[in-house]
There are 2 protein chains.
Amino acid sequence: MFITLDPISMAKDTQRRTEQRAALIAAAEAAIAGGGLGALKARDLAATLGCAVGAIYTLVADLDELVLLVGSRTLARLDAALAAADAGADGAGTDGTEAAVRRLEAVALAYARFAHAETALWRALFEFRMAPEKALPDWSVADQIGLFVHVDAPLAALLPGLDPERRGLLARSLFSAVHGILALGLEGKLVAVPQAHLEAQIALVVRAACRGLVAEQAEGPPS
Amino acid sequence: MFITLDPISMAKDTQRRTEQRAALIAAAEAAIAGGGLGALKARDLAATLGCAVGAIYTLVADLDELVLLVGSRTLARLDAALAAADAGADGAGTDGTEAAVRRLEAVALAYARFAHAETALWRALFEFRMAPEKALPDWSVADQIGLFVHVDAPLAALLPGLDPERRGLLARSLFSAVHGILALGLEGKLVAVPQAHLEAQIALVVRAACRGLVAEQAEGPPS
DNA sequence: CAGGGTTATGAACATCGTTCAAAAAAAGCT
DNA sequence: AGCTTTTTTTGAACGATGTTCATAACCCTG
């Protein structure tokens, strides 16, 4: 999940170079955290690093790559937060279904709190779109697919009979639904849930969806 | 819902000017539809309009205002599509609950189809963020709040006992949830629902949520 | 057609990301 | 140490971009 440097450049990477790269990523992270993706400027980075603009392009191919590197760090923290929430979900004194619901609710709320605490960095994960011709590097795709496991696992506990493929789709749907409530809500869009009610509404929707899904499965999966 | 021109400039607006403005908006719409918000460039607009760059700024204050004007048109079409879907939802031979569920499902699917058919323009509605210091013009906020009525009305039929404030929050939550599934799905993000399954998953989630909500209300609203 | 107000023009400015010839630094070598 | 070769860093320069504004063109009215 952590950033692994490209082996080709790694070979001739001195200690110094690696440190500079880390400093660059840290500066970029601070810039994005402070002012969103739009605040990531080559000249500003050079100023905080105390080097010339051109130096940046010896450490990194693009500013795009830099965004991806920062995104990788953000994803790692998010992954940890979701995993902790799932592990810490308390289902004591409840049947299996209720325990599973609580796990899903805990993961959703952890996602909400992460997004709220690190809004700018979190948003950067989704605002960013690679230029259509350039493909995402492999390490970046690996980062992202790890996320939805934290929804899929509790979902397997909730709906033991569901075949894994359908479950995968459902996990993605639930993840995206919660994401949507947060994305619009934290943006202050007018169609959105006001920030004060975000966590409560997410919990409500997650519980309702779980309940409906269990009921549907109980009477036989139609489609 | 339609664009009303600013009365101040309206006073001295000739026929010709209004036409140019319309042409500008049309060109901007085409540009965004073709290449997203990033493809809206002042010089390109001037080229397609056959005028100088400076002329644009006599018709419109900013490119931001232009984005808002295009957004207003998009919202009008979206509003019409959702209204039609709600009106056309067929609940024949079903009880009231099932009829309401079908209305909500129809609205959600209409949203999905609109987003799919006009992805770039639809995305522009949400990608765009006004500079923090400048406030949204009044006509733009009026456009947006009209949207969620198409969720709120069927929801009132589904849950007659729910008080309007809570219902409003729920309508916003459901809207945002469906939006999230679409937003991630149409972007091809990795945590997202694959495009081929978008409509089916949206229908599934909407139905499950409805079912869960009705069940919860039946046994008494706790919180 | 002369004068005055309105509108269009496009060169100019500031700000981006990115490049690249040249300078500086480091490393190798005798 | 001194010279050569390789590597790294530099920052001016390039091409886009949104926006402005003195100037020119236009249009209407008297």
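Below, chain A is the first sequence line, B the second, and so on; all start at residue 1.
Across the protein-nucleic acid pair, B/Met130 atom CE and D/dG18 atom P stand 16 Å apart, rounded to whole Å. The distance between atom CG of B/Leu66 and atom C1' of D/dG18, rounded to the nearest whole Å, is 13 Å.
For the residue pair A/Val149 and A/Pro154, the shortest heavy atom distance occurs at O-CD, 4.2 Å. Taking all atoms of both residues into account, the shortest heavy-atom contact from A/Leu182 to A/Ala115 is CD1-CB, 4.1 Å.
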Carefully, step by step, assess B/Leu37 and B/Ile32 under the rule side-chain contact (heavy atoms from CB on, under 4.5 Å).
-> CA-CA 5 Å; B/Leu37 268 189; B/Ile32 295 177; 4.0 Å; yes
side-chain contact (heavy atoms from CB on, under 4.5 Å) assessment of B/Leu174 paired with B/Val206 = CA-CA 8 Å; B/Leu174 287 181; B/Val206 167; over 6 Å; no
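A salt bridge does not link B/Arg73 to B/Glu118: none of the charged nitrogens lies less than 4.0 Å from a carboxylate oxygen.
Aromatic ring pairs are classed by plane angle as parallel below 30°, tilted from 30° to 60° and perpendicular above 60°; the pair A/Tyr111 and A/Trp122 is perpendicular.
A donor-acceptor pair under 3.5 Å is formed between the side chain of A/Ser173 and the backbone N or O of A/Leu169. A/Arg103 contributes no side-chain N or O that, together with a main-chain N or O of A/Leu158, makes up a donor-acceptor pair within less than 3.5 Å. With hydrogens and angles ignored, the 3.5 Å screen pairs a side-chain donor or acceptor of B/Thr74 with a backbone N or O of B/Val70.
Interface residues of residues 41-48 of chain B facing DNA chain D, ordered by number: B/Lys41, B/Ala42, B/Arg43; criterion, heavy-atom separation under 4.0 Å. Residues of residues 55-64 of chain B that place a heavy atom closer than 4.0 Å to DNA chain D, in numerical order, are B/Tyr57, B/Asp62, B/Leu63.
Nearest-nucleotide mapping onto DNA chain D: of B/Leu40 and A/Gly54, the residue sitting toward the 5' end is A/Gly54.
In this structure the side chain of B/Leu170 reaches within 4.5 angstrom of the side chain of B/Leu159, judged on heavy atoms.
Contacts of B/Leu49 with the nucleic acid, taken as non-hydrogen atoms under 4.0 Å apart, are absent.
Around CG of B/Asp138, the count of heavy atoms belonging to other residues, nucleotides or ligands within 6.0 Å does not exceed 12.
Relative to the side chain of B/Ala52, the nucleotides C/dA8, D/dT10, C/dT9 differ in distance, and C/dT9 lies closest.
The side chain of B/Arg16 contributes an N or O atom lying less than 4.0 Å from OP1 or OP2 of C/dA8.
The bend of the helix from C/dC1-D/dG30 to C/dT30-D/dA1, defined by the angle between the axes of its first five and last five pairs, stands at 20° to the nearest 10°.
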